[in-house]
Amino acid sequence: MPLQARARSKERDDVLPPAAHPAPSASRFWPKLGLLLAGGMLLGALAGGMLGWTLQRAERQRAAGELAELYFARAGEIGAEIVATLQRMNAAPPPRCGEADLAELRRMMISSRFLKSAGRLEQGHLVCSATLGLLARPVPLPKADFVTRYGRSLRLDAEIPGIPGSVGLIFAEGGSAVVISPQAFSALVDPRLEHMVVVTNGSQRLRFFGSLPAEAMPQGPLVDGRPVQVDGQRFELRCSANRTGCMLARFRDPATPFASPVVLGFTTLGLLAGAGAGFGASAAIARRQALAQRLRMALRAGRPTLAYQPILRLSDRRMVGAEALIRWQEGGIAIPPDLFIAAAEEAGLIGDVSVYVLHKVLAEMAETLRARPGFQVTVNISVQDLLDPGFAGHVASALALHQVAPRSIGFELTERSTAQRHDIAAGIARLRAAGHRLYIDDFGTGYSSLAYLAELQVDAIKLDRAFTRLAARTDHAAAVLGPIASLAHSLQLGLVVEGVEEEAEADFFARLAPCALAQGWLTGRPMPAADLLARLPDEAEAAA
Ligand SMILES: Nc1nc2c(ncn2[C@@H]2O[C@H](COP(=O)(O)O[C@H]3[C@@H](O)[C@H](n4cnc5c(=O)[nH]c(N)nc54)O[C@@H]3COP(=O)(O)O)[C@@H](O)[C@H]2O)c(=O)[nH]1
């Protein structure tokens with residue numbers, strides 16, 4: 001290596017700041033992987049569990065409503081049989097309680113699935129029945145609990161007259177009564193339901209039976225299909241077709257949410273998805289860390305190169321500067337700057353990139369910069385550079401080594417965060433005080449707003465190419481871009497139009513802001529230093 005080059009290389013190593021963060025190592029990766037995995041699994045399980053729980057609750061509500069409907073379909077058969085039996089008994093020819101009558105009552109009882117007994121009444125007393133025959137002394141019926149809107153009286157859990165200790169449901173109408181097994185209706189209810197069956201006659205409501213106590217009786221209107229709240233719980237409500245009975249029902253809560261296969265299934269799915277996401281994120285981080293690690297080595301070996309994109313003055317199309325853009329190839333494959341710059345920022349390596357680029361610019365362009373004081377190369381820097389109090393000092397010593405004036409090197413900042421504005425402004429002020437020009441890159445995107453300009457004292461804005469595109473593609477371009485140009489002018493800020501690809505765009509901005517500079521495919525693709533220097537007019541021509 002020639003002496004001079006070796007001295008430069010040594011000088012770069014001296015000036016390159018120690019890496020802000022040590023190289024990522026396995027000892028840092030595994031805990032991160034563990035955290036991401038555990039976090040992903042936990043979040044996934046929680047999200048899956050909640051989704052499962054919500055789906056399962058909706059499904060349970062729907063199923064509770066269906067079971068209540070099913071109940072009324074079955075209970076209707078018993079009710080219909082009771083009504084038919086009472087009507088047949090009342091229509092039977094006299095004499096009541098005679099041999100033929102009692103034989104008929106017994107036949108009805110035997111052939112019925114629900115009837116425990118059937119009997120004849122006189123003035124509220126049982127006088128004969130299918131089970132007891134003709135009573136020597138009439139036995140009074142207990143007081144009715146409820147009278148249906150059709151005039152049938154109902155006694156719940158009443159002692160069956162003449163059979164002490166035996167209870168049943170007694171329905172009576174006219175001179176006839178039937179006794180139904182107390183379980184006849186309740187056995188139809190699905191045991192998984194928490195429920196109450198209510199009978200109504202328009203003015204009165206009675207808890208017929210159920211797992212809910214009478215105090216839980218809802219007070220508001222009972223409308224088929226409209227859920228009711230009991231003790232903060234939602235109960236589905238279904239009523240019989242003739243609206244004489246309603247049932248409130250909900251599924252009993254499982255002992256644990258995971259007892260439900262839906263919740264368990266979704267939780268497991270969530271867990272797996274979370275683990276997958278955790279693995280994916282760790283793999284992405286690992287890839288970026290590996291990329292940053294390779295970049296670190298490439299920088300140390302001096303492999304990345306620079307490309308320069310010409311910047312022209314729009315008024316006379318003369319080249320007044322260039323932007324230095326880093327390029328990195330590995331195994332003959334160019335790695336996109338977007339990718340490795342982001343990885344470098346994440347790994348705390350961006351300071352090394354900035355200093356590397358600065359040194360390479362000085363190595364490649366110092367002579368030109370010394371010879372052409374009006375020519376400026378801009379270097380991209382990051383917020384991390386500005387927050388580093390030593391950065392301006394590094395820059396000053398590098399420039400001094402190459403005897404390049406600070407005005408020959410400008411800095412471009414893409415600010416995307418709203419945090420630490422005060423410290424960023426101080427970093428900008430340090431560089432400007434040293435004689436550098438500062439540019440806000442990609443103006444118009446992210447947080448680079450007007451408020452931002454007032455806070456960060458810069459020299460110029462570089463208009464993002466998304467705005468440049470508007471110039472030739474919309475009738476409203478002047479309305480949108482005019483105010484930006486006037487603002488830059490009134491704040492005495494320079495304007496660099498980025499991404500100029502077409503003549504029409506250059507013409508538009510030349511009319512709108514004659515002092516503006518332009519950069520883009522139209523001014524030239526990023527190119528090696530030698531090609532850029534070849535495009536510079538010679539001194540005499542430049543002076544002319
Ligand atoms: N911190 C650093 N960031 C850097 C450095 N070098 C580049 N970068 C940033 O990476 C991003 C991508 O850059 P690159 O792929 O180099 O793209 C640049 C130009 O090639 C592209 N460009 C220029 N003119 C046009 C155009 O007319 N049309 C079009 N579609 N693209 C064009 O724009 C990129 C330059 O943009 P900007 O920096 O905003 O002026 C990019 O964000 C770079 O900033 C580095 O050394 N350090």
Side-chain angles (χ1 to χ4, degrees), residues 16 20 291-292 295 298-299 302-312 314 319 321-329 334-365 376-388 391 395 409-417 427 438-446 448 460-473 494-506 508-509 517-529 531-532:
L16 266 180
L291 187 67
L295 176 63
L299 290 173
R303 283 198 299 271
T305 58
L306 295 188
Y308 296 85
Q309 186 168 35
I311 298 175
L312 308 189
L314 272 170
M319 197 198 305
E323 178 182 355
L325 296 159
I326 192 167
R327 297 287 177 262
W328 176 31
Q329 285 201 354
I335 302 169
D338 284 329
L339 203 69
F340 67 80
I341 292 291
E345 275 174 350
E346 216 168 77
L349 193 63
I350 195 69
D352 288 9
V353 173
S354 306
V355 173
Y356 180 91
V357 172
L358 175 72
H359 275 263
K360 222 163 175 56
V361 166
L362 291 173
E364 294 177 345
M365 305 287 289
Q376 177 192 253
V377 173
T378 53
V379 170
N380 287 281
I381 55 169
S382 76
V383 166
Q384 289 176 35
D385 297 319
L386 288 175
L387 296 179
D388 173 2
F391 182 71
V395 174
I409 299 289
F411 292 106
E412 298 187 15
L413 173 73
T414 309
E415 218 308 54
R416 300 201 194 281
S417 84
L438 259 291
Y439 297 77
I440 289 294
D441 206 358
D442 303 337
F443 183 80
T445 60
S448 55
I461 55 177
K462 294 190 80 175
L463 187 69
D464 189 76
R465 58 173 168 269
F467 284 90
T468 309
R469 283 298 82 79
L470 294 177
R473 296 196 187 148
L495 176 67
V496 185
V497 184
E498 285 195 304
V500 179
E501 293 181 356
E502 296 167 13
E503 271 299 338
E505 292 165 353
F508 175 88
F509 282 102
L517 306 181
Q519 176 185 347
W521 297 161
L522 189 71
T523 70
R525 299 262 172 171
M527 59 190 81
D531 294 357
L532 183 88

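Computation of the quantities below employed the complete heavy-atom set of this structure, encompassing side-chain atoms and omitting hydrogens, waters and symmetry-equivalent molecules. Whatever order the structure lists ligands and atoms in, that order sets their numbers, starting from 1. Counting begins at 1 with the first residue of the sequence.
- Checked for salt-bridge contact, Glu498 and Arg465 miss the test: no charged N lies under 4.0 Å from a carboxylate O.
- Interface atoms of ligand 1 facing Gln309, defined by a heavy-atom separation under 4.0 Å, are 23 (C), 24 (N).
- Judged by distance alone, with hydrogens and angles left aside, the side-chain atoms of Tyr356 form a donor-acceptor pair with the main-chain N or O of Pro304 at under 3.5 Å.
- At least one donor-acceptor pair closer than 3.5 Å links the side chain of Asp385 to the backbone N or O of Ser382.
- Both the backbone and the side chain of Leu325 come within contact range of ligand 1, each with a heavy atom under 4.0 Å.
- Annotation: Gln519 places no N or O atom under 3.5 Å from an N or O atom of ligand 1; distance criterion only.
- Contacts between Asp464 and ligand 1 below 4.0 angstrom, taking non-hydrogen atoms only, are absent altogether.
- Shown here are the ring pair (Phe, Tyr, Trp, His ring centres under 6.0 Å) partners of Phe340, two or more places apart in sequence or in another chain: Trp328.
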* **Glu323 vs Gln309, side chain to side chain donor-acceptor pair (under 3.5 Å): CA-CA, chis, key distance, verdict** => CA-CA 5 Å; Glu323 178 182 355; Gln309 186 168 35; over 6 Å; no

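- In this structure, Glu345 does not count as a contact residue of ligand 1, since none of its heavy atoms falls inside 4.0 Å of the ligand.
- Contact between Pro526 and ligand 1 is present, with at least one heavy atom of the residue lying under 4.0 Å from the ligand.
- The residue from Asn380, Leu358, Ile326, Thr378 that puts a heavy atom closest to atom 47 (N) of ligand 1 is Asn380.
- In this structure a side-chain-to-backbone donor-acceptor pair under 3.5 Å is missing from Gln519 to Val497.
- Looking at Val357 against ligand 1, only its side chain comes within 4.0 Å, counting heavy atoms.
- Considering backbone and side-chain atoms alike, Arg469 places every N or O at 3.5 Å or more from each N or O of ligand 1.
- Only side-chain heavy atoms of Glu323 come within less than 4.0 Å of ligand 1; its backbone N, CA, C and O stay farther off.
- Less than 4.0 angstrom separates some heavy atom of Glu498 from each of these atoms of ligand 1: 37 (P), 39 (O), 40 (O).
- When each atom of ligand 1 is checked for a heavy atom of Asp442 under 4.0 Å away, the hits are 39 (O).
- A donor-acceptor contact closer than 3.5 angstrom is absent between the side chains of Glu505 and Thr468.
- Partner of Asn380 under the side chain to side chain contact (heavy atoms under 4.5 Å, CB included) criterion, out of Leu325, Val357, Val353: Leu325 alone.
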